[in-house]
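Here the structure comes first, spelled out in structure tokens, and everything after it is commentary.
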Amino acid sequence: RGAGSNITPIRGVNKDEYSLFFLPEPLSIFTKPKVEFLILELAKTYFPSHSALEVSHKIIQRYFNPATVTTNEQYRDAAVKMQTDFQFIFPTILATRHSATKSSYAPQYLYEFTYRATNTNKPAWAGVPHASEL
């Protein structure tokens, strides 16, 4: 029993968290070879005990379907989704699950923030980026 065991945690993510980090990037960086390199590095980092090539192939199938992802804009949008999942959503879910398994912990709450403010200065493709809920 920790000192915070009676505190109810509320964790949340924004729908397009990672778009904030891609805002300063030129559209020209979102090419198939550059995104495939990013995916390979992601596979090595998050799945070190698996074949990076096999994992990267599965990531490409999940986020970068060659039949639908062909333009730089589509690669950017898919990269935002992938990075949001890996950098924000998955860790938040894992932390919530871990806390929920501790019998002394209070109930767990998890939310996804999806509202895009009408007065935002971010481009439409950015959706609901990191810190939009503030």
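A quick note: this is a predicted structure, and the numbers were derived from the prediction, not measured.
- Neither L110 nor L94 shares a network with the other; the hydrophobic side chains, linked directly or stepwise wherever heavy atoms of I, L, V, M, F, W or Y lie under 4.5 Å apart, form separate groups for each.
- A heavy-atom distance below 4.5 Å is found between the side chains of L40 and L53.
- When only modelled atom types and interatomic distance are considered, T70 and Q74 share a side-chain donor-acceptor pair under 3.5 Å.
- Follow the hydrophobic side-chain contacts under 4.5 Å out from F113 and you reach I10 in the same cluster.
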| task | Determine, step by step, whether Q83 and L42 satisfy the side-chain contact (heavy atoms from CB on, under 4.5 Å) criterion, reporting the C-alpha distance in whole Å, the side-chain angles of both residues, the deciding distance to 0.1 Å, and the verdict. | result | CA-CA 9 Å; Q83 288 289 72; L42 193 73; 3.5 Å; yes
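- Shortest non-hydrogen contact noted between S19 and P129 is OG-CB, 3.1 Å.
- For the residue pair Q108 / R11, a side-chain donor-acceptor distance below 3.5 Å is found, with atom types taken as modelled.
- In this structure, S51 OG and K58 NZ are separated by 9.5 Å, a value rounded to the nearest 0.5 Å.
- When the side chains of ILVMFWY residues are joined at heavy-atom separations under 4.5 Å, either directly or via intervening members, I29 and L27 end up in a single hydrophobic cluster.
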| task | Step by step, work out the side-chain contact (heavy atoms from CB on, under 4.5 Å) result for V80 and W125. | result | CA-CA 10 Å; V80 165; W125 69 263; 4.0 Å; yes
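- In this structure, the separation between NZ on K15 and CD1 on I89 is 9.5 Å, given to the nearest 0.5 Å.
- Relative orientation of the H130 and F88 rings is tilted, given thresholds of 30° and 60° on the angle between their planes.
- For the pair P107 and P9, the tightest heavy-atom approach, listed with the atom from each and the gap, is O-CD, 3.3 Å.
- Under a hydrophobic clustering in which Ile, Leu, Val, Met, Phe, Trp and Tyr are joined whenever their side-chain heavy atoms come within less than 4.5 Å, directly or via other members, V35 and F21 fall into the same cluster.
- In this structure, R76 does not pair ionically with E73, as no charged nitrogen and carboxylate oxygen lie closer than 4.0 Å.
- Here the two rings, on F90 and Y46, have centers that are 6.0 Å apart or farther.
- In this structure, NZ on K34 lies 9.0 Å from CG on N72, to the nearest 0.5 angstrom.
- Checked by atom type and distance alone, the side chain of E17 pairs as donor or acceptor with a backbone atom of N14 at under 3.5 Å.
- Nearest heavy-atom pair, D16 versus G127, reported as atom, atom and distance to 0.1 Å: OD2-CA, 3.2 Å.
- A donor-acceptor pair under 3.5 Å is absent between the side-chain atoms of T92 and the main chain of G12, judged by distance alone.
- Tracing side-chain contacts under 4.5 Å through hydrophobic residues (I, L, V, M, F, W, Y), one never reaches F22 starting from V128; they form parts of separate clusters.
- Under the 30°/60° scheme for interplanar angles, the aromatic rings of F47 and H50 are found to stand perpendicular.
- For the pair I39 and F64, the minimum side-chain heavy-atom distance is below 4.5 Å.
- No donor-acceptor distance shorter than 3.5 angstrom exists from the side chain of S99 to the backbone of T96, with no hydrogens or angles considered.
- Under the 4.0 Å criterion applied to side-chain N and carboxylate O atoms, K81 and D85 are assigned as salt-bridge partners.
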| query | So Q61 and H57, side-chain contact (heavy atoms from CB on, under 4.5 Å) or not? Walk me through it. | reply | CA-CA 6 Å; Q61 286 178 321; H57 179 70; 3.2 Å; yes
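- The shortest heavy-atom contact between A126 and R116 is C-NH1, 4.4 Å.
- Within 6.0 Å of CD in E133 there are more than 12 heavy atoms belonging to other residues, nucleotides or ligands.
- Residue-environment remark: CZ (F37) stays at or below the threshold of 12 foreign heavy atoms within 6.0 Å.
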